[in-house]
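First up is the structure itself, then whatever we jot down about it.
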Amino acid sequence: MTTAERQKKETRCRAIREELDRIPALLDGTLMTKRNRVKRKDDSIHVSPEHYTFQYRDADGKRQWKRIPRAAKTVVARLVRAGERYRTLDAQYRALLTELSLADDSQKKD
């Protein structure tokens with residue numbers, strides 16, 4: 001790896017780290033929109049109003065759900081999007097660090 005490539009990757013690492021630090025709050029999970037469908041005795045179908053559920057994994061790795069009030073849906077959706085953005089940036093950051101450390105390791109062996 002040339003020094004120019006290395007500097008470019010280090011600069012990108014710093015930029016990603018700063019962007020990660022700017023994410024104030026996040027939720028790691030999924031916001032689901034659900035409707036219940038119930039078939040009545042007269043064969044008509046009742047569809048309930050939309051309700052929202054936040055699905056996540058707890059400390060033991062088990063799947064958990066929390067019911068989200070209609071008024072809080074926009075806030076929770078924003079926090080879930082921030083969590084997705086964080087995971088994407090974190091994967092890029094780890095990949096760049098791996099490339100840089102492998103390049104260092106190969107230079108030391110030469």
Side-chain angles (χ1 to χ4, degrees):
M1 178 181 305
T2 65
T3 56
E5 290 173 340
R6 181 171 184 70
Q7 288 176 349
K8 185 177 179 182
K9 289 185 182 196
E10 287 175 349
T11 303
R12 179 66 182 141
C13 277
R14 280 192 295 276
I16 290 173
R17 187 76 241 158
E18 289 169 2
E19 197 168 342
L20 286 171
D21 292 340
R22 283 194 301 264
I23 298 175
L26 59 96
L27 286 174
D28 190 15
T30 306
L31 183 64
M32 298 180 293
T33 302
K34 295 189 166 195
R35 291 179 182 265
N36 293 332
R37 298 173 60 93
V38 178
K39 187 173 182 180
R40 296 181 178 149
K41 288 182 181 179
D42 63 354
D43 288 336
S44 65
I45 295 176
H46 169 73
V47 179
S48 71
E50 285 185 342
H51 60 277
Y52 307 102
T53 306
F54 176 66
Q55 183 179 9
Y56 63 99
R57 294 206 179 265
D58 67 359
D60 297 333
K62 294 183 180 178
R63 191 175 298 156
Q64 299 288 324
W65 295 269
K66 291 285 182 187
R67 193 81 186 254
I68 303 297
R70 187 178 308 270
K73 182 209 177 231
T74 56
V75 174
V76 172
R78 182 175 40 82
L79 292 172
V80 168
R81 281 192 308 273
E84 292 168 357
R85 179 74 178 141
Y86 184 88
R87 284 191 302 276
T88 302
L89 289 171
D90 186 50
Q92 291 175 8
Y93 184 73
R94 284 186 282 124
L96 282 172
L97 286 181
T98 301
E99 287 180 32
L100 289 171
S101 64
L102 290 175
D104 283 347
D105 197 32
S106 66
Q107 286 177 354
K108 290 178 183 177
K109 289 181 181 178
D110 291 339

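The structure displayed is predicted, hence computed values, not measured ones.
- Leu31 contributes atom CG, which lies 9.5 Å from atom CZ of Arg81 (distance to the nearest 0.5 angstrom).
- Annotation: side chain of Leu97 is not in contact with side chain of Arg94 (no heavy-atom distance under 4.5 Å).
- Between Arg70 and Pro49, the closest heavy-atom pair is NH2-CB, 4.0 Å.
- Distance alone, capped at 3.5 Å, places no donor-acceptor pair between the Ser44 side chain and the Arg40 backbone.
- For residues 46-63, the salt bridge (charged side-chain N to carboxylate O under 4.0 Å, His left out) pairs, not counting sequence neighbours, are Arg35-Glu50.
- Between Arg6 and Glu10, at least one side-chain N (NZ, or NE/NH1/NH2) sits under 4.0 Å from a carboxylate O, which counts as a salt bridge.
- Between Ile68 and Thr53, the closest heavy-atom pair is CG1-C, 4.3 Å.
- With contacts defined as side-chain heavy-atom distances shorter than 4.5 Å, the pair Leu26/Arg85 does not qualify.
- Gly29 and Val80 make their closest contact through O-CG1, 3.5 Å (heavy atoms, listed as atom of the first residue, atom of the second, distance).
- For the atom pair CZ (Arg14) and OH (Tyr93), the distance works out to 10.0 Å, reported to the nearest 0.5 Å.
- Distance check: Arg78 CZ to Lys73 NZ gives 13.0 Å after rounding to the nearest 0.5 Å.
- Taking the side chain as every heavy atom from C-beta outward, Leu89 and Gln92 approach each other to under 4.5 Å.
- When the ring pair (Phe, Tyr, Trp, His ring centres under 6.0 Å) test is applied to Phe54, the partners found at least two apart in sequence or on another chain are Tyr56.
- In this structure, Glu84 CD and Leu27 CG are separated by 11.0 Å, a value rounded to the nearest 0.5 Å.
- Taking CZ from Arg12 and CG from Leu100, the interatomic distance works out to 12.5 Å, rounded to the nearest 0.5 Å.
- The minimum heavy-atom distance linking Ala25 with Leu79 is given by the pair O-CD2, 3.6 Å.
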